[in-house]
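Here is how names work: the chains are called A, B, and so on, in the same order as the sequence lines, proteins then strands, and each is numbered from 1.
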Amino acid sequence: MQNLLHNLNPEQLAAVTLPQQSALILAGAGSGKTRVLTTRIAWLIQTGQVSPAGIMAVTFTNKAAKEMLTRLSAMLPISTRGMWIGTFHGLCNRFLRTHYRDAALPQAFQILDSQDQLSMIKRLLKANNVDDEKYPAKNLQYFINNAKDQGLRANKVEAYDPIERRMVELYELYDQQCQREGVVDFAELLLRSFELLQRNQPLREHYQARFKHILVDEFQDTNDLQYNLLKLLAGHGEQFGGALFAVGDDDQSIYAFRGANVGNMSAFEREFRVENLIKLEQNYRSHGHILDSANQLIANNSKRLGKNLRTDAGHGEPVRIYEASSDLEEAQWLIEEIKSLIADGASRSEIAILYRSNAQSRVIEHALFAAALPYTVYGGQRYFQRAEVKHAIAYLQLMDNPHNDSAFLRVVNFPTRGIGMRSIETLQAAAEQYRISLYAAVPYVSGKSGSSLGSFVKLVEGARFETQQLALPEMVRVVLEASGLLTHYGNEKEGADRIENLEQMVSAATHFVQEEGFGQGAPAHMGPRADAQAGEAILNQDGIEVFDADAPLPTVMSPLSAFLSHASLEAGDAQAQAGQDALQLMTVHSAKGLEFDAVFITGLEEGLFPHESSSRELDGVDEERRLMYVAITRAKKRLYMSFTQQRMLHGQTRYNMKSRFFDELPEPALKWMSPRVQAQWFGNKKNAWDDAKFSSAGSDNKIAQQITQKQTGPGWRIGESVEHAKFGEGVIVNIEGGGGNARAQINFGRAGMKVLDLSVAKLERLAR
DNA sequence: CAGGCTGCTATTTTT
DNA sequence: TAGCAGCCTG
């Protein structure tokens with residue numbers, strides 16, 4: 001094996017070879033963070049400092065975990081199977097499966113995805129006659145997840161008003177309901193694990209002693225619960241415990257809205273008395289002008305741990321900025337620019353078009369489509385989220401755990417089998433009365449609905465019996481058939497795609513069985529066994545069920561349970577890749593972690609980016625700035641930014657100022673590609689750019705020609721940019737009245753919206 | 001129970 | 001603008 005450490009720069013080398021102590025690695029964008037993480041694991045194992053079983057490595061996404069495993073197997077000639085490398089949720093699932101009894105969970109507990117969780121909450125609200133105007137299900141869902149993410153059970157949540165008090169009650173009821181059904185939500189996976197480790201000392205000490213090295217990726221994205229879980233595992237302040245190796249970038253913290261707490265970085269530094277703070281500032285991705293822009297922009301944030309990226313690459317090309325007159329024209333410009341990039345030899349998949357919010361993609365997609373440029377939009381429906389797939393999964397869930405009410409309700413009458421609302425309500429009443437699941441309540445309802453419900457139960461039981469001896473893929477096949485799903489979609493006009501998706505589940509199951517190494521032929525054993533062979537379940541001296549590092553989930557779970565976990569925890573790919581070499585369209589958030597030769601950041605307008613609602617949040621604009629920082633640092637060679645004077649949003653035309661972020665970029669690194677384009681006349685909705693000419697990327701120094709303007713007279717126009725002595729730069733949004741008493745409504749961005757008398761106000765036309 | 005109608009809402013997203 | 005959730009009707 002080659003030397004793992006060659007070609008590392010001094011900082012990377014230092015990080016990789018740190019002694020077993022807590023360490024914080026501040027890893028800038030494109031600084032080789034994943035490399036450091038994986039190389040450190042490989043180095044620790046190769047030098048014999050730790051066995052594979054002594055390592056835990058945590059990521060946020062399955063993609064990142066997979067990436068880590070792939071790179072690791074390329075570096076080390078050992079099997080990565082059974083190593084504790086995965087997402088927080090994946091590892092907690094594994095932990096809870098192993099210790100399900102201690103965690104007070106049924107062995108076949110199932111995982112609710114957000115969709116299931118929401119529908120469960122809706123049911124709960126209905127069952128308790130809660131006014132869903134006052135308590136929208138979404139709010140309660142947020143409330144519950146938020147509490148759990150902070151490690152708070154209902155009895156620990158402080159309520160300050162009657163509404164909150166009621167929410168706390170509902171939170172409690174929700175947890176009880178989950179417990180009855182044998183299901184856990186995402187946050188519960190973590191909270192259960194945390195609580196179990198906290199209350200069970202031998203168990204805790206076992207894992208603390210085992211994991212000598214805990215490595216965490218994207219540490220800036222951890223929430224409070226995740227940090228506390230890590231603290232517990234690392235044995236913070238306790239006798240045992242390994243070293244926590246945290247890698248993160250506070251400048252790329254863009255998930256505060258879902259509970260991430262950047263403060264965990266400084267808390268970690270303080271609480272673990274981190275002496276090893278290493279900054280990876282050498283960037284291997286972007287050219288100089290791009291990096292300068294990122295650095296100067298992010299310098300506007302206070303509360304940074306402090307970091308400045310540098311590169312050995314030259315300045316490269318300037319950052320090109322384009323001002324469009326409308327969103328349509330912005331898209332048109334985009335296309336011209338992309339065409340010339342492609343003509344110059346760029347490959348489409350190396351070009352990304354970024355936007356702040358999904359709604360912005362529509363106009364761009366239209367234009368790309370019209371121009372016959374192939375593209376892929378990130379973030380579509382995931383495979384396991386599709387309705388038909390969820391239906392099939394629900395049947396499988398019922399076979400594995402019939403008390404899952406969400407699954408029950410999803411398919412009890414799908415395909416329709418004459419079980420209507422009334423039967424369900426009767427059943428729900430019975431279930432409520434005895435506090436049991438719907439499935440268990442079926443024998444308690446009589447009459448016609450009782451018998452149709454009874455046959456549904458028989459259907460599920462029959463499918464379970466029939467598939468007992470079958471391997472997972474065959475089991476899936478049988479269920480698709482027996483459930484009537486295939487027949488149902490076969491009779492539907494648009495059913496072909498759905499059937500194809502269902503068929504795909506068989507191959508997904510095949511793939512899963514192979515990937516996860518479920519025994520060929522022999523059904524996996526249910527539950528840990530004291531008489532286990534090497535690589536299977538073992539007991540430690542405290543009688544705690546513990547698994548050897550070589551024992552992956554199959555030992556603890558049936559293939560079906562494992563497959564269902566997989567379906568919840570890995571929603572699958574979003575959308576088949578349309579065309580091999582396609583332009584990449586995505587939000588800035590989903591671009592995190594990716595890189596492209598050329599990047600377009602579009603819609604850089606006040607209100608959009610930074611988004612208007614960010615100004616209402618604490619440190620909201622700072623987070624938007626970090627988002628912009630992420631966007632900029634995606635680009636390797638060429639970066640474009642664009643904004644427009646006029647944009648259609650929610651069916652209304654809006655006039656926004658250019659983003660404040662432009663003022664925070666280094667002028668020498670920029671190149672303004674267009675003169676300030678004259679606004680269109682009010683009411684002239686036809687494309688003003690019909691006869692416009694555009695600059696091309698191929699001819700760097702040409703400035704875009706001004707759009708032909710059919711101006712007929714003086715006076716102010718809507719959309720025009722103005723400068724006011726006191727309020728600064730603004731955009732005319734509306735004009736009322738005429739002649740001497742015309743008044744203009746002007747959007748001054750940060751200074752707000754003002755209505756000014758045009759004959760009085762001292763306004764200057766702003767032209768570039 | 002399907003299909004149509006109205007009304008509402010509208011960052012960002014992973015697990 | 002557009003997508004969807006919830007309601008009503010045939």
Side-chain angles (χ1 to χ4, degrees), chain A residues 58-65 86-93 111-119 122 126 132-133 136-138 142 145 148-149 184-191 193 217-218 221-223 225-226 253-260 327 354-363 365-366 378-380 382 384-385 387 413-422 488 491-493 565-572 574 586-593 603 607-617 620-621 623-624 626-628 630-631 647-654:
Chain A
V58 199
T59 63
F60 277 86
T61 63
N62 294 300
K63 200 173 151 200
T87 62
F88 275 101
H89 296 84
L91 295 181
C92 284
N93 179 46
I111 301 163
L112 293 181
D113 67 18
S114 336
Q115 229 178 99
D116 301 330
Q117 186 189 31
L118 187 64
S119 74
K122 282 181 181 164
K126 210 171 255 173
D132 55 2
E133 297 266 282
K138 279 246 166 69
Y142 176 83
N145 289 336
K148 290 192 181 188
D149 282 346
V184 297
D185 58 48
F186 287 130
E188 184 72 23
L189 284 170
L190 306 202
L191 185 52
S193 303
D217 191 18
E218 307 277 16
D221 289 339
T222 52
N223 63 33
L225 178 56
Q226 286 157 344
S253 159
I254 55 171
Y255 286 114
F257 71 91
R258 66 176 199 211
D327 45 356
L354 309 185
Y355 33 82
R356 173 68 239 266
S357 66
N358 288 302
Q360 288 164 251
S361 77
R362 218 187 71 246
V363 174
E365 284 186 67
H366 266 294
Y378 270 55
R382 310 296 228 37
F384 283 110
Q385 317 224 86
N413 197 34
F414 193 94
T416 48
R417 43 177 75 89
I419 300 174
M421 270 315 286
R422 292 190 46 201
H488 172 85
N491 294 333
E492 220 172 45
K493 292 176 289 209
S565 292
H566 168 81
S568 304
L569 293 176
E570 286 191 56
M586 66 193 83
T587 63
V588 180
H589 279 93
S590 31
K592 193 179 162 201
L608 254 187
F609 201 179
H611 197 275
E612 52 200 353
S613 43
S614 70
S615 58
R616 271 171 262 128
E617 290 153 20
V621 175
E623 175 133 328
E624 294 287 305
R626 290 192 289 267
L627 199 51
M628 181 65 182
V630 167
R647 174 181 301 279
M648 194 68 134
L649 198 67
H650 307 325
Q652 275 196 316
T653 306
R654 306 183 19 145

How would you list, by chain and number, every residue that makes a salt bridge (Lys or Arg N to Asp or Glu O under 4.0 Å) with Glu365(A), sequence neighbours excluded?
->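 Residues passing salt bridge (Lys or Arg N to Asp or Glu O under 4.0 Å) with Glu365(A): none at all.
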Using whole Å, report how far [atom1] of [X] lies from [atom2] of [N].
X: Leu189(A); N: dT14(B); atom1: CG; atom2: C1'; value: 13 Å
X: Phe88(A); N: dT15(B); atom1: CZ; atom2: C1'; value: 11 Å
X: His89(A); N: dT15(B); atom1: NE2; atom2: P; value: 9 Å
X: Tyr378(A); N: dT14(B); atom1: OH; atom2: P; value: 11 Å
X: Gln385(A); N: dT13(B); atom1: CD; atom2: C1'; value: 11 Å
X: Arg356(A); N: dT13(B); atom1: CZ; atom2: C1'; value: 11 Å
X: Met421(A); N: dG6(C); atom1: CE; atom2: C1'; value: 12 Å
X: Met648(A); N: dA2(C); atom1: CE; atom2: P; value: 9 Å

For Phe60(A), ring pair (Phe, Tyr, Trp, His ring centres under 6.0 Å) partners two or more places apart =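 Residues passing ring pair (Phe, Tyr, Trp, His ring centres under 6.0 Å) with Phe60(A): Phe88(A).
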In terms of side-chain heavy atoms of [X], which of [options] is nearest?
X: Thr587(A); options: dT13(B), dT15(B), dT11(B); answer: dT13(B)
X: Arg362(A); options: dT15(B), dT1(C), dT12(B); answer: dT1(C)
X: Lys122(A); options: dG6(C), dT1(C), dT15(B); answer: dG6(C)
X: Ser613(A); options: dT11(B), dT15(B), dT12(B); answer: dT11(B)

Within the structure, does a side-chain N or O atom of [X] lie under 4.0 Å from either OP1 or OP2 of [N]?
X: Asn62(A); N: dT14(B); value: no
X: Ser590(A); N: dT12(B); value: no
X: Arg258(A); N: dT12(B); value: no
X: Arg382(A); N: dT13(B); value: no

Counting any heavy atom closer than 4.0 Å, what does [X] reach on the DNA or RNA strands: base, sugar-phosphate only, or nothing?
X: Asp185(A); result: nothing
X: Tyr255(A); result: sugar-phosphate
X: Gln226(A); result: nothing
X: Asn413(A); result: sugar-phosphate
X: Glu617(A); result: base

Charged N-O contact under 4.0 Å between Lys148(A) and Asp185(A) =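 Salt bridge present between Lys148(A) and Asp185(A).
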Thinking salt bridges, do Lys592(A) and Glu218(A) make one under a 4.0 Å N-O criterion?
->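 Answer for the salt bridge query: yes.
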Pairwise 5' ranking along DNA chain B for Pro415(A) and Leu627(A), keeping only the more 5' one =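 Whichever sits nearer the 5' end wins; that is Pro415(A).
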Start at the 5' end of DNA chain B and walk down; is the nucleotide closest to Ile254(A) or to Leu569(A) reached first?
->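 Its nearest nucleotide being more 5', the pick is Ile254(A).
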For Phe257(A) and dT12(B), say yes or no: do the ring centres fall under 5.5 Å of each other while the ring planes differ by less than 30°?
->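 By the stated criterion, Phe257(A) and dT12(B) stack.
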Using only heavy-atom distances, determine whether the side chains of Thr587(A) and Ser590(A) contain a donor-acceptor pair under 3.5 Å.
->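 A pair is found: one side chain offers a donor N or O, the other an acceptor, under 3.5 Å apart.
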What distance, rounded to whole Å, do you find between the two P atoms, one in dA5(C) and one in dT12(B)?
->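 16 Å, rounded to whole Å.
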Close N or O pairs between protein and nucleotides 2-10 of chain B (under 3.5 Å):
| from | atom 1 | to | atom 2 | distance (Å) |
| --- | --- | --- | --- | --- |
| dA10(B) | N3 | His650(A) | ND1 | 3.2 |

Determine, stepwise, if the pair Glu612(A) / Arg654(A) fulfils salt bridge (Lys or Arg N to Asp or Glu O under 4.0 Å).
-> CA-CA 13 Å; Glu612(A) 52 200 353; Arg654(A) 306 183 19 145; 3.4 Å; yes
Side-chain contact test, heavy atoms from C-beta onward, threshold under 4.5 Å: evaluate it for Leu627(A) versus Phe609(A) and give yes or no.
->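 They are in side-chain contact.
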Identified side-chain contact (heavy atoms from CB on, under 4.5 Å) counterpart of Asn93(A) within the set Val184(A), Ile111(A), Thr87(A) =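 So the option named by the test is Ile111(A).
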Tyr255(A) six-ring centre to Arg258(A) NZ/CZ under 6.0 Å and within 45° of normal =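 So Arg258(A) does make the cation-pi contact.
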Do Ser614(A) side-chain and dT12(B) base share a donor-acceptor contact under 3.5 Å?
->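 There is none.
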